[in-house]
Amino acid sequence: MITIPIQIPKHFSFGENLWFLSREDGDRSAYQAGSISRAIRVDGEAVSFTLTEKGQYLQIELMDEHNVPQVVSTVKAYIEDWFDIKRNIEPFYRLLEAHPGPSYMVTDFNGLRVMGNPDTFETLVWSITSQQINMTFAIKLKRALCEKYGESVEHHGRQLPLFPLSKTLAELEVKDLQELQFSRQKATYIISAATAFADGTLSKEKLMVLSSQERIDTLTALKGVGIWTANAVMMQSLNDPSGLPLGDTGLLKALLQHGLIIDKKDTTGITTLFRQFDGWQSYLFNYLWRSLSGPRDR
DNA sequence: AACCAGGTTATGC
DNA sequence: GCATAACATGGT
């Protein structure tokens, strides 16, 4: 076993991040007190790691067999991207403090990062899955999908699931996903999205070189991917600051609760507010989402 | 027991 | 264009 340290930046709370992440994570990660384990693919090969907070460092533990420079740097980059570690979020807090309604979040959610998901295929399938239904059910669907179609790897005596490969999902029949309680339409959408990723028509690399508008056009060209889903993918996986699923019902609820809008049709109010958070829109968005989950036990 | 959940599409005016 | 039904199940 080898360990790699990552320096913890200012305004970073491992506990807050893990707590928020664990809600929609399904069984993708294993949580122990103060640490998280997960398996990802690096160049097609399954690599598992454990991340633990140790003083001023996050410590990555990898199996000896993965002690290859290329693998180590990919895992490190994955984690830095996942936890948005390299960003100094101080400016965001200065902006938040200027708004009496949500300013309490600077203290209550201090150190919460916008948790991205570097795996774009997984993010897309998750976004389609979670359309319209409540989170409890959406997580149940994701868990069923991972258990049934994602292989798992052993890591310190426990099984860590990998998200299913696009190739695997592309070969499914609609009824296979219906059996897991996906709606017939979502089953169709997911299989065709998986096909696009499996045959290389679509990939993170291809999306990354496009402009924001081209990304929207490309993603919404997929059946089952509307403006909300396209923006969710851009926000969660492409690190695109313009990727904001502004029609989101959870967001609207949070905006109402904080008195930031007076009714859900107040689109100009929403636009105006987000314009004030230039460069930090996705942080505002995610902190508002976070507020819906209420306080965390400490 | 309705009605809404971190929406999208198909259909009808 | 804009309104409405259908989709799947869980929570309130």
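Naming convention: chains lettered A, B, ... in sequence-line order (proteins, then strands); numbering from 1 in each chain. The model shown is predicted, which means the values in this text are computed figures rather than measured ones. Note that these values count all heavy atoms, side chains included, but never hydrogens, waters or copies made by symmetry.
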Peer 1: Would you mind reading off the distance between A/Glu24 atom CD and B/dG6 atom P, rounded to a whole angstrom?
Peer 2: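 One finds 11 Å between P of B/dG6 and CD of A/Glu24, rounded.
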Peer 1: Rounding to the closest angstrom, what is the interatomic distance between C/dT4 and B/dC4 at atom P?
Peer 2: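 So the two P atoms sit 13 Å from each other.
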Peer 1: Considering just the side-chain nitrogens and oxygens of A/Gln185, establish if one lies under 4.0 Å of OP1 or OP2 belonging to B/dT9.
Peer 2: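 Looking at the OP1 and OP2 atoms of B/dT9, neither is under 4.0 Å from any side-chain N or O of A/Gln185.
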Peer 1: From C-beta outward on A/Lys223, which listed nucleotide comes closest to its side chain: C/dC7, B/dT8, B/dT9?
Peer 2: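 Of C/dC7, B/dT8, B/dT9, B/dT9 is nearest to the side chain of A/Lys223.
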Peer 1: Tell me the interatomic distance from A/Trp228, atom CH2, to B/dA5, atom C1', rounded to whole angstroms.
Peer 2: 11 Å
Peer 1: How many angstroms lie between atom OG of A/Ser29 and atom CD1 of A/Ile36, to the nearest 0.5 angstrom?
Peer 2: 4.0 Å
Peer 1: Please give the distance between the P atoms of C/dA6 and B/dG6 as a whole number of Å.
Peer 2: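 Each nucleotide's P atom is 23 Å from the other's.
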Peer 1: Which word best sums up how the rings of A/Phe197 and A/Phe121 line up, parallel for under 30°, tilted for 30 to 60°, or perpendicular for over 60°?
Peer 2: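 Correct class here is tilted.
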Peer 1: Within the structure, does a side-chain N or O atom of A/Ser183 lie under 4.0 Å from either OP1 or OP2 of C/dA6?
Peer 2: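 Looking at the OP1 and OP2 atoms of C/dA6, neither is under 4.0 Å from any side-chain N or O of A/Ser183.
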Peer 1: Using a strict heavy-atom distance below 4.0 Å, which residues from residues 120-142 of chain A are in contact with DNA chain C?
Peer 2: A/Gln132, A/Ile133, A/Asn134, A/Thr136, A/Phe137, A/Lys140
Peer 1: Under 4.0 Å, counting only non-hydrogen atoms across every strand here, what does A/Leu251 touch: a base, just sugar-phosphate, or nothing?
Peer 2: nothing
Peer 1: Given atom NZ of A/Lys186 and atom P of B/dT9, what is their separation to the nearest angstrom?
Peer 2: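 Going from NZ in A/Lys186 over to P in B/dT9 covers 12 Å.
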Peer 1: Find the distance between CD (A/Glu151) and CZ (A/Arg41) and round it off to the nearest 0.5 Å.
Peer 2: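 CZ of A/Arg41 is found 4.5 Å from CD of A/Glu151.
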Peer 1: If I take atom CG from residue A/Leu255 and atom CD1 from residue A/Ile261, how far apart are they, to the nearest 0.5 angstrom?
Peer 2: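 Output value for this atom pair is 4.5 Å.
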Peer 1: Sub-3.5 Å donor-acceptor pair from the side chain of A/Asn286 to the main-chain atoms of A/Ser282, do we have one?
Peer 2: yes
Peer 1: Just the rounded figure in Å: distance from P of C/dC7 to CD of A/Gln178.
Peer 2: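 It is 11 Å, rounded to the nearest whole Å.
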Peer 1: If I take atom CG from residue A/Leu145 and atom CG from residue A/Leu177, how far apart are they, to the nearest 0.5 angstrom?
Peer 2: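 One finds 6.5 Å between CG of A/Leu145 and CG of A/Leu177.
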Peer 1: In this structure, which one of A/Tyr93, A/Phe92, A/Tyr283, A/Phe109 forms a ring pair (Phe, Tyr, Trp, His ring centres under 6.0 Å) with A/His11?
Peer 2: A/Tyr93
Peer 1: Give me the distance, rounded to whole Å, that separates C/dA5 from B/dC3 when you measure between the P atoms they each carry.
Peer 2: 12 Å
Peer 1: Assign each of A/Gly250 and A/Gly224 to its nearest nucleotide of DNA chain B by heavy atoms, then name whichever residue's nucleotide is nearer the 5' end.
Peer 2: A/Gly250
Peer 1: In whole angstrom, give the distance that lies between atom CG of A/Leu246 and atom C1' of B/dG7.
Peer 2: 15 Å
Peer 1: Whole angstroms only, please: what is the CD1-C1' distance between A/Ile227 and B/dT8?
Peer 2: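 These atoms are roughly 12 Å apart.
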Peer 1: Could you give the CD-to-P distance, from A/Glu179 to C/dT9, as a whole number of Å?
Peer 2: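 After rounding, the gap between these two atoms is 13 Å.
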Peer 1: Does any N or O in the side chain of A/Lys10 come within less than 3.5 Å of the main-chain N or O of A/Ile89, such that one atom is a donor and the other an acceptor?
Peer 2: no
Peer 1: Give one of base, sugar-phosphate or nothing for A/Leu222, where a contact means two heavy atoms less than 4.0 Å apart.
Peer 2: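 Here A/Leu222 touches the backbone only, sparing every base.
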Peer 1: Choose from B/dT9, B/dG6, B/dG7 the nucleotide whose nearest atom is closest to any side-chain atom of A/Tyr189.
Peer 2: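 Selected nucleotide (nearest to the side chain): B/dT9.
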Peer 1: Send over the distance from A/Phe182 CZ to C/dG10 C1', rounded to a whole Å.
Peer 2: 16 Å
